[in-house]
Amino acid sequence: MTTYDERRLRIVSWNVNGIRARMPRIAEMLRRERPDMVCLQETRCPFRHFPHKRLGELGYRAQHSPGRRNGGVAILVRSDHRITSRCLSLDNQHDLAAGRWLETTCAGLTLGSVYVPAGPTRQELDDSGKLAFLEAVANQACHDHYHPMLIAGDFNVAPSDRDVYEPTWLEGSYATAAAEREDLRHILNDGELVDVYRHLHPDDHGYTCWDQRGGHYARDYGLRIDLALASSRLAEHITRCEVKHAYRQGRRPSNHAPLEIELEGIRDCAERAIAA
DNA sequence: ATGACTCCTGAGAGGAGA
């Protein structure tokens with residue numbers, strides 16, 4: 001029986017691009033890393049086909065919010081943890097959350113798994129759905145949370161030009177449009193959230209997503225659109241945040257790499273919040 | 001700039017992703 005350090009939590013966020021197609025790689029990651037919690041995006045899997053049994057064999061319980069056809073988010077919790085609450089709505093809207101937002105409180109932490117709509121392309125300029133969704137995430141982050149909060153997932157927004165391989169090629173695209181970036185700043189400022197990777201690695205690219213075509217990964221034509229946002233009182237407890245390249249390589253990878261976040265002293269953090 | 005992807009559904013192409 002493995003024993004785990006209760007004061008240290010490791011959380012992985014991963015856009016798996018189809019949980020069924022990715023199950024061998026997900027199993028590999030869970031066996032090797034044994035994270036406490038996992039936020040998944042793009043499960044692309046109907047409710048009835050979700051691999052609860054296989055995940056159970058691997059020692060994880062899953063909560064799943066399927067999307068209509070694409071999308072879908074899940075949160076996996078290692079079986080030795082007790083889940084204290086769950087939330088299936090985003091800014092009090094159930095329909096907005098379907099397939100795109102899940103929230104679980106566990107081990108003194110409220111964790112959100114988010115999949116922001118990709119939004120506009122160069123051809124298709126209407127981005128109102130994406131902006132409304134980002135607004136709802138901002139509101140959700142502003143709600144009173146008893147526990148410190150970590151929101152992790154695929155935001156489909158690269159916060160700045162430093163987060164994309166060649167800004168001029170992507171000008172005005174879904175990931176770099178000014179309005180999206182403005183809304184992301186709004187989430188960070190109003191929710192008092194910290195972009196964890198950028199906070200710990202001010203000078204690295206930290207790309208998490210590479211197009212599957214044409215050797216983008218080999219050339220490192222990447223985007224940093226998978227983010228972990230921590231409430232400010234949680235941010236000081238984050239000791240590590242890394243892109244796990246091993247799972248973007250090898251056999252049948254997702255187009256995204258997992259992002260791993262390590263927290264220490266989380267119980268202290270919750271206790272201080274209660275005392276305050 | 002990328003030459004030439006890969007998932008899903010449903011039974012073959014077509015939509016979607018980013």
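First the proteins, then the strands, lettered A, B, ... as listed; each starts at 1. Since the model is a prediction, treat every value here as computed from it, not as a measurement.
With distances taken from any side-chain atom of A:A21 to the nucleotides B:dA18, B:dC5, B:dC7, the minimum falls on B:dC7. The side chain of A:P46 lies closest to B:dT9, out of B:dT9, B:dT2, B:dA18. Relative to the side chain of A:H216, the nucleotides B:dT6, B:dT2, B:dT9 differ in distance, and B:dT2 lies closest.
Rounded to whole Å, the C1' atom of B:dC7 lies 16 Å from the corresponding atom of B:dG12. Of the P atoms belonging to B:dA16 and B:dG10, the separation is 15 Å, rounded to the nearest Å. Distance noted for atom P between B:dA18 and B:dT6: 15 Å (whole Å). Distance noted for atom C1' between B:dT2 and B:dG17: 16 Å (whole Å).
Taking the centre of each ring, A:H94 and A:W101 stay at or above the 6.0 Å mark.
Remark: A:L229 CG to A:L184 CG distance equals 6.5 Å, nearest 0.5 Å.
The base of B:dA1 lies close enough to the side chain of A:Y165 for a donor and an acceptor atom to sit less than 3.5 Å apart. Side-chain to base pairing of A:R44 with B:dC7: one donor and one acceptor N or O lie within less than 3.5 Å of each other.
Residue contacts shown for A:E42 are limited to sugar-phosphate atoms, with no base heavy atom under 4.0 Å away.
Both stacking criteria are satisfied for A:W169 over the base of B:dA1: a centre-to-centre distance under 5.5 angstrom and an angle between ring planes under 30 degrees.
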Inset, instruction - Would you check, one step at a time, whether the test side chain to side chain contact (heavy atoms under 4.5 Å, CB included) holds for A:L263 with A:L109? - result: CA-CA 10 Å; A:L263 310 161; A:L109 177 76; 4.0 Å; yes

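Exactly one residue among A:I11, A:I75, A:L30 makes a side-chain contact (heavy atoms from CB on, under 4.5 Å) with A:V38. That residue is A:L30.
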